[in-house]
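From a predicted model like this one, the values you see are computed outputs, not experimental measurements.
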Amino acid sequence: MLAAALGAALTFGAPAALAGTAPVSPSAPAPAPAAQAAAPTSQSATWVAGTRAYLVISAPGDSSAVRSAVAANGGTVFANYDAIGVIVAHSASGSFAATMRGVGGVQQVGATRTSDVPADAYNPALPANPAQSTTPSGEPVRVDMTQIKADQAWAVTTGSATVKVGILDTGVDDQHQDLAPNFNAQDSASCAYGKADTRAGSWRDVGTHGTHVAGTVAAAKNGKGVIGVAPGVKISSVRIAEPGSSLFFAENTVCGFMWAGDHGFKVTNNSYYTDPWQFNCPDNADQAAIIEGVKRAQEYAEGKGSLQVAAAGNSNLDLANKTTDTESPNDSTPVTRTITNACLDIPTELPGVVTVSAMGTTAKASYSNYGLNVVDITAPGGDATGIYSTLPGGKYGSMSGTSMASPHVAGVAALLASTNPGITPAQLRDKLATQANDVACPSDSRCKGTTAKNGFFGEGQTDALKAVGATPPPGKYFENLGDFAIGDNTTVESPLTVSGVTGNAPATLKVGVNIVHTYTGDLKVDLLAPDGTVYTVHNRAGGSADNINQVFTVNASSEVANGTWKLRVNDNAGGDTGKIDSWNLTF
């Protein structure tokens, strides 16, 4: 079912030729792609058969002269990124690229596809907004989360709502009950066709892949469905897949990275390769321009503080010893060609991008690409049972692939950013590497390197617990995941029963508070001991800031531990409301 919807570019748990096979043992089947997401036959008189897309590259800065040359030589400027010197041009002229390469100030020109630009590019149809199933109660911790110790990390922090993670993918179902609490619509858009579309809903899923990835990064810790690696951070969707084909062309990736840089994404997840070429070779003029354009956009995003995390791919290839590409171009008729290591899988092989391989519980996943000094880190990608996560329409299901491994690492990077405000992308890369757990090569001659760093696992398996400070607070842990609405000028209390703890509470009682509320300066938050003693942890601080997601320390050593504790929230002004999303005590 997914083969038609997802195409060959998506990095699912299968050899690339089979990428997009059905999810592994889903508890709820992935929905069929919506018919209305397919590209219309015609939506604009501007479009003509034979229209192709090109990257026209010049020096960063004012590109007005080059834009004029595009128009003078049979093309139109579809999008323009002066900050990096990249123009997305359309033309139906077969000589457009060759002519533009002779224009003064033009450094490179490359066709980004071997198929026509869809007519939908000129008046894009909005993706479907699927009807939502009711999310059942219950939120068991999944094996992939315990494998990277995310469940232990949550006792320290679930991540900061100030950290934004961009999901560059097929889109995200923002209405899903497990994603809606953390979804950031303001910074979401579609970059399909290479130009940002900010209409409401443009970011929604044209398949299922992006919604699944988003759940692994940051599904809410709300007592329903699943929990993401960093359930306290914010996620934004930048849809870079085109409807119908679900392919990710270079201009879409350029747009996505530029958007990430301009909108303050601390981390982006990239579980795809840039179509139509599985590998882009610098001795080909078109592919050289693709490499340069995407590279400049990635560098722009990193310069703005954004770390890119990407899937290594699912063809079981040694990326450090490339010889043949049999899968490109995937938007027309693939051919077999000889390649070298100079040919790059992008964005995953670009400098600065964290390349993630997939493993099962202990071994490299059979489908995962690998390569010494190419793979940076590894994470669970699913094997026979897959990775269980969110699907559009309030559903859930399992998928396998390096696509599923990469968001585990993106989530850990988000936790690192949450606990290290101001951290740079370079520092994030270093911390991801140093805090990974070494995984030795198996008895497999393809695995080159040492236990500390090798071609199968890079620096090792990502570790969420180390990322947030090595050990969770000691003692017993109690949590209330129930939602308690906070109205204007009202007081609400959420109870939590503690039992089985000997003696008094500690002098360092940890109080984890997750309140969703605009304008936290309205709020006073108190911890009430079983005997009614009040401990104030937040008193109308924060001004216009949104949400409280913080662990407070309270000296409650004079209080008997066992009994009913309460979190009391008092709203002291009108105009802003919210809820107690969850809270916890660690003794």
Salt bridge (charged side-chain N to carboxylate O under 4.0 Å, His left out) contacts touching residues 408-434 (sequence neighbours left out):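 For residues 408-434, and leaving out neighbouring residues, the salt bridge (charged side-chain N to carboxylate O under 4.0 Å, His left out) pairs sorted by first residue read Glu302-Arg429.
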Which pair of heavy atoms, one from [X] and one from [Y], lies closest together, and at what distance?
X: Ala69; Y: Met100; value: O-SD, 3.6 Å
X: Ser306; Y: Thr268; value: OG-CG2, 3.7 Å
X: Val117; Y: Arg52; value: CG2-C, 3.7 Å
X: Ile167; Y: Val217; value: CD1-CG2, 4.0 Å
X: Ser403; Y: Ser271; value: O-OG, 2.9 Å
X: Asp178; Y: Asn222; value: OD1-OD1, 3.0 Å

Flag for [Y]-[X]: side-chain donor and acceptor within less than 3.5 Å:
X: Asn80; Y: Ser63; result: yes
X: Asp187; Y: Ser236; result: no
X: Thr348; Y: Thr355; result: yes
X: Asn252; Y: Glu242; result: yes
X: Ser368; Y: Thr402; result: no
X: Lys364; Y: Asn316; result: yes

Judged by atom type as modelled, is there a donor-acceptor pair below 3.5 Å linking the side chain of [X] to the main-chain atoms of [Y]?
X: His209; Y: Thr170; result: no
X: Gln435; Y: Val468; result: no
X: Ser245; Y: Leu247; result: yes
X: Asp331; Y: Thr114; result: yes
X: Ser406; Y: Val356; result: no
X: Ser188; Y: Asn184; result: yes
X: Ser389; Y: His212; result: yes
X: Asp173; Y: Leu391; result: no
X: Asn341; Y: Ala320; result: yes
X: Lys266; Y: Ile423; result: yes

What pairs with [X] under salt bridge (charged side-chain N to carboxylate O under 4.0 Å, His left out), at least two apart in sequence or on another chain?
X: Asp286; result: Arg101
X: Asp581; result: Lys579
X: Asp262; result: none
X: Asp62; result: none

Side chain to side chain contact (heavy atoms under 4.5 Å, CB included) assessment of Phe249 paired with Ile290: CA-CA 9 Å; Phe249 292 102; Ile290 290 172; over 6 Å; no
[X] vs [Y] side-chain heavy atoms within contact, under 4.5 Å:
X: Asp174; Y: Arg204; answer: yes
X: Leu432; Y: Asp376; answer: no
X: Gln107; Y: Glu292; answer: no
X: Val86; Y: Val56; answer: no
X: Cys281; Y: Gln287; answer: yes
X: Ile87; Y: Arg67; answer: yes
X: Val229; Y: Pro407; answer: no
X: Val88; Y: Tyr81; answer: yes

Parallel, tilted or perpendicular: rings of Tyr272 and Phe248 (30°, 60°):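 The rings of Phe248 and Tyr272 lie parallel, inter-plane angle below 30°.
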Ring geometry between His263 and Phe265 (parallel below 30°, tilted from 30 to 60°, perpendicular above 60°):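 Judged by the thresholds at 30° and 60°, the geometry between Phe265 and His263 is tilted.
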Roughly how far, to the nearest 0.5 Å, is [atom2] of [Y] from [atom1] of [X]?
X: Thr158; Y: Leu415; atom1: OG1; atom2: CG; value: 8.0 Å
X: Ile148; Y: His408; atom1: CD1; atom2: NE2; value: 5.0 Å
X: Tyr367; Y: Ser357; atom1: OH; atom2: OG; value: 9.5 Å
X: Cys343; Y: Asn284; atom1: SG; atom2: CG; value: 9.0 Å
X: Thr157; Y: Gln550; atom1: OG1; atom2: CD; value: 9.5 Å
X: Phe183; Y: Trp203; atom1: CZ; atom2: CH2; value: 6.0 Å

Ring centres under 6.0 angstrom apart (Phe78, Tyr193):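 No.
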Listed partners of Glu299 passing side chain to side chain contact (heavy atoms under 4.5 Å, CB included), at least two apart: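 Glu299: side chain to side chain contact (heavy atoms under 4.5 Å, CB included) contacts with Lys295.
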Cation-aromatic face contact Arg142/Tyr388, 6.0 Å, 45 degrees: no
Glu251 and Arg113: CA distance, side-chain angles, deciding distance, side chain to side chain contact (heavy atoms under 4.5 Å, CB included) verdict: CA-CA 10 Å; Glu251 60 268 33; Arg113 54 183 86 203; 2.6 Å; yes
Worked verdict on Met404 versus Val213 for side chain to side chain contact (heavy atoms under 4.5 Å, CB included): CA-CA 6 Å; Met404 284 65 250; Val213 165; 4.3 Å; yes
Exceeds 12 heavy-atom contacts within 6.0 angstrom, atom CD of Gln186: no
Matching residue for His90 among Tyr54, Tyr122, Trp47 - test: side-chain hydrogen bond (donor to acceptor under 3.5 Å, both in side chains): Tyr122
Intermediate values then yes/no, side chain to side chain contact (heavy atoms under 4.5 Å, CB included), Cys255 and Ile240: CA-CA 8 Å; Cys255 173; Ile240 59 173; over 6 Å; no
